[in-house]
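Heavy atoms only: backbone and side chains are in, while hydrogens, waters and symmetry mates are out. Labels below follow one simple rule: chain letters A, B, ... track the order of the sequence lines, proteins then strands, and each chain is numbered from 1.
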Amino acid sequence: MVATAIAEAVTQPAAGAALDIEQVSHAFDIDGTELPVLSDVSISVEPGEFVALLGPSGCGKSTLLRLVAGLDKPKAGRLREDEARIRSPHPSRVVVFQDPTLFPWRSVWDNVALGLEAQGILRSQRQRVDAALDLVGLSSFRNAYPHQLSGGMAQRVALARALVNDPKILILDEPLGKLDSLTRITMQAELVALWQRKGFTTLLVTHDAEEALVLANRVIVFSDRPARVKADIRVDRPYPRHRGDPYLAELRRQILGLLGLDATW
Amino acid sequence: MSTYSLSDGLASGAPRTSRAPLLSSWVRESGIGVLASIAWITFGFSCLWWEDVGDWSRTHSLGIAAFIIAAIALIGTVGADYLGSAGRGLRQRAAWLVALGAFLTVWEVATAKFAWLPLPFFPPPQSIIEVYTDDLPKLLDSVLASVKLQLGGYLIGATIGFLTGVSIGWSRAVGYWVHPVLRFIGPLPATAWLPIAFFTFPSSWSASTFLIALATGFPVTVLTWSGVASVSNAYYDVARTLGAKPSFLVLKVAIPAALPHVFVGLFMGLGASFAVLVVAEMIGVKAGLGWYLQWAQGWAAYANMYAALIVMSLLCSGAITLLFAIRDRLLVWQKGTVKW
């Protein structure tokens, strides 16, 4: 009994957490005037779900991610991770930003080790850094400095830096936005593989409908600023998905329609 | 295919033209070395050929030394291929040896031999050598005193400046109090404090240390502060989501990111502190190279002044070189991102 439980704990990947966004509104103060960015947003994410947040550029998706990460506090509403209120950043919710924002003065290995070092557990957990670098296929670059990496490699390091913490919720803020299309397609496949293997809940902000449909179980479409949930679309297709899948193409047409782009499609 | 035939042609043509290039490449590689050797031989002869117009004891030895340097220059550059990195370095600096030899010859002839330059004010090279051999103990004492004062003041100033800069950059409350004081007192040249410092401090040594620390501290503070203040928020966001506490944000994010700025401040502080050091030694402290200069002037010992100046410039440039070496070590990560 005990033996199987331990075996299970070892082989079972760390499961994702549930995320509840309840009637969240947020606004920025710009020169004394209040600029509303989120208006009464409620989303409930199941543990292990892959949710894509899609919306026009500047609609407030990234702001929502900052609230989920705990970097900012909402003006109204509540956010909860597994029933616990989100009040401050925690390594169980790690963000991968659009820019890799690697620390240029640290080698690749030291960048990936950042989270463990900050939590004071690096000394006993060094092998986790090696494992995370292996996971993104950059073990041979462990001693390189960030400026020696290509854009795709830097973003992989940023991903490893997030994954080394075994996050329950992985928050992706257009992480592939600045990559060339080939690297992008490769990394999309890698992301799905990682997610399936590790089982973390994933929140992906993107403004690429195709990317959202290839990656996510659920696509949430936002309106223009202030962002409201316009549609919540379930994508019931097995992985790996094909870009040419007519089902996905139809969903994409619908989504672009919601975003007001049906005429151009 | 065409590239094969091209390289074949080159290979077969090489032996025919090899004689002339060999000579020209020899001239190119060793010619300057020969020239340097000639320049130093000329210098040696200029020492020994004519009689000195004054009474200097090191003329003969200087001439011999010049011949030795000429020989080293010749052997070193011609045989550079067998001398490894030392030979390569010598070859690279051979042009400077030519210039130096020519300059010394002109100097020797213009002062010791024909006195074209008025004599007590423009001493010949041998009289400066004489200072180094005959007045060595006093000069060494002065060097030691200067280094001690400079090092103490600089380290204190740099440490306090760095800590102040980090706290202003990090804490708004500290900035509120320290910033106006810095604005008010910082731009004041440290030497303006000299009269006050010398009667408020218990010893002239502590007063000078304070002044050097002040001159160092201001630029280090300002640049550390601006370095910490200009660290991108994205770095803090990343560190915070990874579970970083405030101490980690300061020590592992703000300070390393600000380090390039800190070094600019350290360089500026070093330059400013040299000026204060010399002035303080000339006015208050009865030791050190500044004092030696002052003393030499009092005795109209112009050769001693030049000798002390040369030592001083070697020390200052040595200190700068040392700081560069430290920077290169600490900021090795910058090497690929900015032009040095």
> For atom CH2 of B:Trp193, is the number of surrounding heavy atoms from other residues, nucleotides or ligands below 6.0 Å larger than 12?
Replying inline: no
> Is it true that atom CH2 of A:Trp105 has more than 12 heavy atoms of other residues, nucleotides or ligands lying nearer than 6.0 Å?
Replying inline: yes
> In terms of heavy-atom proximity below 4.5 Å to chain A, should B:Tyr235 be classed as side chain, backbone, both, or neither?
Replying inline: both
> About how many Å separate CH2 of B:Trp333 and CZ of A:Phe103, when rounded to the nearest 0.5 Å?
Replying inline: 11.5 Å
> Of the listed residues (A:Asn165, A:Val94, A:Leu114), which shares the most heavy-atom pairs with chain B below a 4.5 Å separation?
Replying inline: A:Leu114
> If you measure from CG on B:Asp237 to CG on A:Asp72, what distance do you get to the nearest 0.5 Å?
Replying inline: 7.5 Å
>> Could you measure the distance from the OG1 atom of B:Thr241 to the CZ atom of A:Arg161? Nearest 0.5 Å is fine.
In response: 7.5 Å
> If you count heavy-atom pairs under 4.5 Å between each of B:Ala244, B:Ser247, B:Pro256 and chain A, which one has the most?
Replying inline: B:Pro256
> How close do A:Pro89 and B:Arg240 get, heavy atom to heavy atom, and via which atoms?
Replying inline: CB-O, 3.3 Å
>> Among A:Thr101, A:Val95, A:Val96, A:Asp99, exactly one meets side-chain contact (heavy atoms from CB on, under 4.5 Å) together with B:Val238. Which residue is that?
In response: A:Thr101
>> Does A:Arg184, at its CZ atom, have more than 12 non-hydrogen atoms belonging to other residues, nucleotides or ligands within less than 6.0 Å?
In response: yes
> In Å and rounded to the nearest 0.5 Å, what is the CD to NE2 distance from B:Gln334 to A:His147?
Replying inline: 10.0 Å
> If you tally heavy-atom pairs under 4.5 Å against chain B, which of A:Arg93, A:Gln119, A:Glu117, A:His90 wins?
Replying inline: A:Glu117
> Around A:Lys168, counting heavy atoms of other residues, nucleotides and ligands shown, do more than 12 lie under 6.0 Å from its NZ?
Replying inline: no
> Checking A:Leu116 against chain B: side chain, backbone, both or neither under 4.5 Å from a heavy atom?
Replying inline: neither
